[in-house]
Structure formats: structure tokens, C-alpha cells
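So that the names make sense, note that chain A is the first sequence line, chain B the second, and so on, each numbered from 1. Owing to the predicted nature of the structure, the values given are computational and were not obtained by experimental measurement.
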Protein chains: 2
Amino acid sequence: MPLTPDPSVIAKMAMFQGLEADDLRDVMGNARTRRVAQGTRIFSQGDPAETCYALIDGRVKIVQTGAEGEQMIVHFIGPGEMFGTLAVFTGGGYPADAEAVTDCVEISWSAATMTELMHRHPVVAINTLNILGRRLMQVQRRLREISNERVERRIARALLRLVEHAGRPVDGGTAIDFPLSRQDVAEITGTTLHTVSRTLSAWEERGIVELGRQKVTIRDPDTLTAIAEDLPGQAPATASVRGGSGG
Amino acid sequence: MPLTPDPSVIAKMAMFQGLEADDLRDVMGNARTRRVAQGTRIFSQGDPAETCYALIDGRVKIVQTGAEGEQMIVHFIGPGEMFGTLAVFTGGGYPADAEAVTDCVEISWSAATMTELMHRHPVVAINTLNILGRRLMQVQRRLREISNERVERRIARALLRLVEHAGRPVDGGTAIDFPLSRQDVAEITGTTLHTVSRTLSAWEERGIVELGRQKVTIRDPDTLTAIAEDLPGQAPATASVRGGSGG
DNA sequence: TTATGAATTTGATGCAGCGCAAACGGGCGG
DNA sequence: CCGCCCGTTTGCGCTGCATCAAATTCATAA
């Protein structure tokens with residue numbers, strides 16, 4: 001994990017597809033590389049957006065906070081992805097916090113540099129449109145899901161997405177590659193940590209997942225998918241999610 | 001409302017800021033203008049995205065449909081705004097339907113033309129980044145709101161946003177400039193038309209809004225804001241929203 | 001080892017808002 | 001002018017989930 005990252009890492013990033021070696025040097029020449037420790041706040045909601053970032057290694061979570069302190073995890077960033085780019089194009093402050101959930105290595109550019117870069121290399125702007133477009137589509141889908149679907153299904157979907165995005169195969173299943181608390185899952189799915197805890201515990205009893213502190217391992221992704229998609233042949237565990245025998 | 005729209009209309013669009021007169025002619029030369037009647041489906045979710053649009057006049061709603069038919073209104077498009085642009089940059093099909101909610105005049109470009117245009121005029125790509133970025137921020141805010149906030153407040157916010165976006169001053173208040181059913185409001189706020197109807201009726205009794213068929217007029221925006229922001233000094237009408245005297 | 005605190009589990013209870021069902025009303029075609 | 005239809009209102013029962021409260025487990029520092 002050298003502080004001068006392999007240029008090939010940058011060359012692979014979606015944002016810089018279609019650039020020549022010369023242009024890549026141009027890009028890298030204007031960048032700054034930095035290590036950040038787990039737990040570090042990289043930028044805060046409302047800060048003037050003067051810098052945009054790419055993640056080389058580690059995981060970063062993007063968290064939005066409401067007027068009364070309610071938080072929502074907007075996105076998890078993995079290696080090769082950009083973050084903090086939004087506000088750079090729209091002006092104004094960052095719309096959310098960014099926090100390193102593991103030790104990370106990041107590259108950053110000043111907003112001005114990035115804008116220049118895009119004027120010099122239109123393909124970078126178009127690549128970014130592509131990325132931002134996908135992200136917008138994702139968020140819109142999530143918006144529909146969160147309005148129309150039950151909590152259990154939302155949690156199932158969230159786990160499946162996390163596995164896809166950050167799954168690490170382990171003995172007897174797939175784990176999620178960074179610390180993920182029940183509270184985190186709640187802030188992804190728009191529910192409370194209590195409900196998440198109950199739901200996951202019920203799933204653990206059914207052998208679908210295995211739980212640990214800030215850790216979830218998926219043992220039976222098919223059943224999870226069945227829950228997420230409401231496929232027939234898999235009885236929902238709704239009843240047992242509630243207080244057990246109470247009711 | 002001529003079928004050959006005033007070039008100055010295009011010149012004013014956010015997307016084409018910073019273009020010279022020559023370039024604007026380039027842009028317009030590749031565009032196609034069309035009238036569409038109220039109710040027309042302009043494109044459908046899943047259709048291959050070969051065209052992107054700008055609205056000259058009228059209103060268009062963008063609606064996403066889930067696997068089981070649940071719908072969510074993602075956005076209302078007004079004059080001067082682009083739509084159907086997302087999928088053009090990301091490839092694949094449109095992520096939602098577009099439907100004219102009033103008689104409209106639209107301009108359209110083929111996806112290929114628009115991409116060329118952006119390569120020729122990087123500023124257009126960067127403008128689009130700006131627009132898309134703003135939209136993404138909006139959707140993210142809405143996502144947090146819908147996860148953490150009560151229905152009544154979501155409805156209040158939705159109305160205020162509609163007023164801002166499409167308000168028309170009328171005798172004794174501000175009306176919304178296009179037909180808007182209770183079902184529509186439900187699909188914006190992620191609730192049911194029943195709950196919307198109850199909430200709005202309660203507000204009408206308090207003199208906050210005035211209701212009609214596919215029509216809402218805001219009489220007391222301050223109280224509405226108070227509800228949306230949970231300001232002190234305005235008792236919520238929560239109790240009366242439910243079955244009236246029942247309970 | 002023990003103390004301290006964070007993350008998690010679990011219970012009990014209440015209620016917001018959903019689902020169903022039925023009635024209402026006004027505009028439009030005939 | 002009448003009858004139909006769509007958008008809307010309203011009532012009622014029910015339940016999914018939030019909320020409040022407290023116990024329990026585990027990790028780290030002392």
C-alpha cells in the first residue's frame with residue numbers, strides 16, 4: 001500500500017477511461033495522496049467543497065444528517081471509486097459527511113484542478129456523467145423501494161447489495177469486508193437499530209445469516225434473495241420478527 | 001407557442017450556458033421539435049434510451065414503476081429542463097416513464113448527437129454534470145426525509161416544493177400549475193392516496209389549503225412551512241387526520 | 001483480572017398509517 | 001337532462017414498526 005500509488009490503479013478507474021498515458025500523468029501530477037486512519041472524518045456536511053477524492057484502498061461511508069440529527073447512509077465507497085465530487089460541480093458545501101470505516105488511502109484534487117482537467121479532457125467529464133448517472137439511478141430505485149416496501153425486504157436487499165459491493169468469501173458464506181453495525185444497517189434501510197437487530201436475529205435462527213459484533217456473514221444468499229424478491233416457496237419470518245411470543 | 005422555438009429559449013437553458021451563437025446553431029440544427037398532447041407517454045421505462053429531451057413548454061412527470069406495479073413520481077419537469085438524459089449517458093434503457101401532464105412542446109436529440117455535442121463543447125458536459133449533481137443531491141435529501149420523517153411532514157414539504165417549482169399566484173393563494181391528483185401526491189411522498197386525502201382535508205378545515213379535483217391551492221404557506229419544519233407554535237393536526245371523531 | 005463503555009438483544013406497549021370497503025360528487029358524453 | 005365514471009372522501013379494523021426501557025454480551029484499557 002505505497003503512498004505513491006501504482007499509476008495503473010488510476011488508469012483502471014472508471015473516471016479516467018479513454019485517457020492517454022500523457023493525460024494520465026497530467027491527472028496524477030495534480031493529485032495528492034494521503035493515508036487516513038479508520039474513523040477519520042474526511043469532510044463534513046456543509047464544508048465548502050474545495051476538494052474531490054478517489055479511494056485507492058479501504059472503505060468510506062457517506063452519511064447525510066438531517067436538521068434533528070437523524071442520519072442516513074447514502075453510499076459506501078470502495079477502492080477505485082470517486083467521492084466528494086458532487087458538490088464540486090454544483091458549488092456550495094458538501095451535502096454529506098465522509099468517514100473512513102477502515103484505514104484508507106485516498107487521492108484528492110482541488111475543485112479548480114478537476115474542472116480544468118475536464119475542460120482539457122472532455123472524456124473525463126463524460127465518464128463522470130456516466131458514473132453520476134448510475135448513482136442517480138441507484139438512489140432513485142432505493143427511493144422507490146424505501147417508500148413502497150416492507151422493512152424486512154429492505155434489509156434483505158441492503159445486505160445483498162453490500163455483499164455484491166463488498167463481499168469477501170469466508171468459510172461457510174460471504175462476509176462484508178468492513179465493520180458494519182446494526183445501527184449502520186438501520187441507517188441504510190431507514191429503520192431503527194432495534195428492528196434490524198430483531199430481523200437479523202430471526203434470520204440467524206433460520207440459518208440465513210451469522211451475526212457478530214459489527215459483522216454480518218451471509219450463509220444462505222438464496223433465501224435472502226427470496227425474501228428480497230418475495231419469491232414463492234419461502235415463508236416470510238414476519239411473525240417471529242416481533243417480540244417472540246408476544247402479541 | 002411556435003413549432004420552431006425562439007433560439008433565445010434554448011440559449012437560456014442551464015445546459016447550454018457558455019455556448020457561443022455559432023455553437024447554439026450547431027445544437028439547434030441537430031434538434032427536433034415536437035408538440036405532445038396531455039397524457040402522452042413520451043418514453044417508457046425499459047425502452048432503449050436513444051433520445052434525450054428538453055421541455056420548452058408544459059409539464060412532464062417522470063414515474064418509476066416497481067416489479068409489482070408500485071409507482072413513484074421521481075420528478076416533475078418544467079420548461080427549460082432536460083429529461084431522459086440519464087440513460088443516455090449510462091447506456092441501457094430509460095429508468096422510468098415520462099408522461100406529459102399538460103400539453104407540451106419538447107425538443108429532442110439522438111443520444112449519439114448529444115454525446116458528440118459534448119465532445120465538441122465540453123462546457124455542455126460540465127453544465128450537465130452540474131444539473132445532474134443537483135438532482136442527485138435533491139434525491140438524496142428526499143431519501144433521508146422519506147426514511148426519517150412522518151407522512152404529514154412529507155406531504156407538506158412536497159406541496160411547498162411543488163409551489164416553488166410550479167406555483168402560479170391566484171386569487172387568495174398559490175395554485176399548482178398543472179393537474180395534480182391525490183394519487184400523484186401519494187406517489188411523490190411514498191404513502192397512499194387515502195392518507196393524502198385525509199391529511200389535505202384536515203388542512204382544508206384549518207384553512208391552510210383549498211382543494212379541488214386534481215387541484216391544490218396553498219392559502220397559508222407559513223403554516224405549511226411550520227408543519228414541514230416542525231416549528232414551535234403550530235399544533236400539528238395529527239389527531240384530526242385520522243378518522244375524524246373515531247378512536 | 002476487573003472496570004468501563006459500546007454494541008446488541010429482548011420485552012412490552014402504543015399508534016401512525018395501511019388495507020379494505022363503501023359512498024359521494026361533479027363533469028362529460030349521450 | 002340523465003346516467004356513467006373517475007377522482008375523492010370517509011369509516012373502521014388491524015398490524016408493522018417505532019418507542020421506551022432494561023438486561024446482556026463483548027472489547028478494550030487500567
Original post:
Which part of the nucleic acid, if any, lies within reach of T192(B) when heavy atoms closer than 4.0 Å are counted: base, sugar-phosphate only, or nothing?
Top reply: sugar-phosphate
Original post:
Should we say atom CD of Q38(B) is surrounded by more than 12 heavy atoms from elsewhere, each under 6.0 Å from it?
Top reply: yes
Original post:
Whole-Å distance between dT8(C) P and L211(A) CG?
Top reply: 9 Å
Original post:
In whole angstrom, what separates D184(A)'s CG from dA7(C)'s C1'?
Top reply: 11 Å
Original post:
Nearest of dT9(D), dT9(C), dG25(C) to any side-chain atom of R213(B)?
Top reply: dG25(C)
Original post:
Given dG17(C), is OP1 or OP2 found less than 4.0 Å from the side-chain N or O atoms of T191(B)?
Top reply: no
**OP:** Hey, which sits more toward the 5' end of DNA chain D by its nearest nucleotide, S201(B) or E149(A)?
**Re:** S201(B)
Original post:
Taking atom types as modelled, is there a side-chain donor on T65(B) or Q71(B) under 3.5 Å from an acceptor on the other?
Top reply: yes
**OP:** Could you state the atom-to-atom distance from CD of E70(A) to P of dT19(D) in whole Å?
**Re:** 11 Å
Original post:
Looking only at side-chain N and O atoms, does R198(B) come under 4.0 Å of OP1 or OP2 in dG19(C)?
Top reply: no
Subject >> Interatomic distance, L193(A) CG vs dT9(C) P [rounded to whole Å] >> reply: 9 Å
Original post:
Would you call the rings of F178(B) and F76(B) parallel, tilted or perpendicular if under 30° counts as parallel and over 60° as perpendicular?
Top reply: tilted
**OP:** Measure the distance from CD on Q38(A) to P on dT28(D) and round it to the nearest whole Å.
**Re:** 11 Å
Original post:
S181(A) side chain N/O closer than 4.0 Å to the phosphate oxygens (OP1, OP2) of dA7(C)?
Top reply: no
**OP:** Let me know, please, whether R150(A) or K215(A) comes out on the 5' side of the other along DNA chain C by nearest nucleotide.
**Re:** K215(A)
**OP:** Hey, can you tell me if Y53(B) and Y94(B) have their rings parallel, tilted or perpendicular (30° and 60° cut-offs)?
**Re:** tilted
Original post:
If every non-hydrogen atom of M82(A) is compared with every non-hydrogen atom of I77(A), which pair is closest and at what distance?
Top reply: O-CD1, 3.6 Å
Subject >> Atom pair distance, as rounded to whole Å: CD in E205(A) and C1' in dT9(C) >> reply: 12 Å
Original post:
Does a side-chain N or O from R182(B) land closer than 4.0 Å to OP1 or OP2 of dT8(D), or not?
Top reply: yes
Subject >> Interatomic distance, E152(A) CD vs dA18(D) C1' [rounded to whole Å] >> reply: 17 Å
Original post:
Starting at CD of Q214(B) and ending at C1' of dC5(D), how long is that distance when rounded to a whole Å?
Top reply: 13 Å
Subject >> Nearest-nucleotide pick for H194(B), side chain only, options being dC18(C), dT10(D), dT19(D) >> reply: dT10(D)
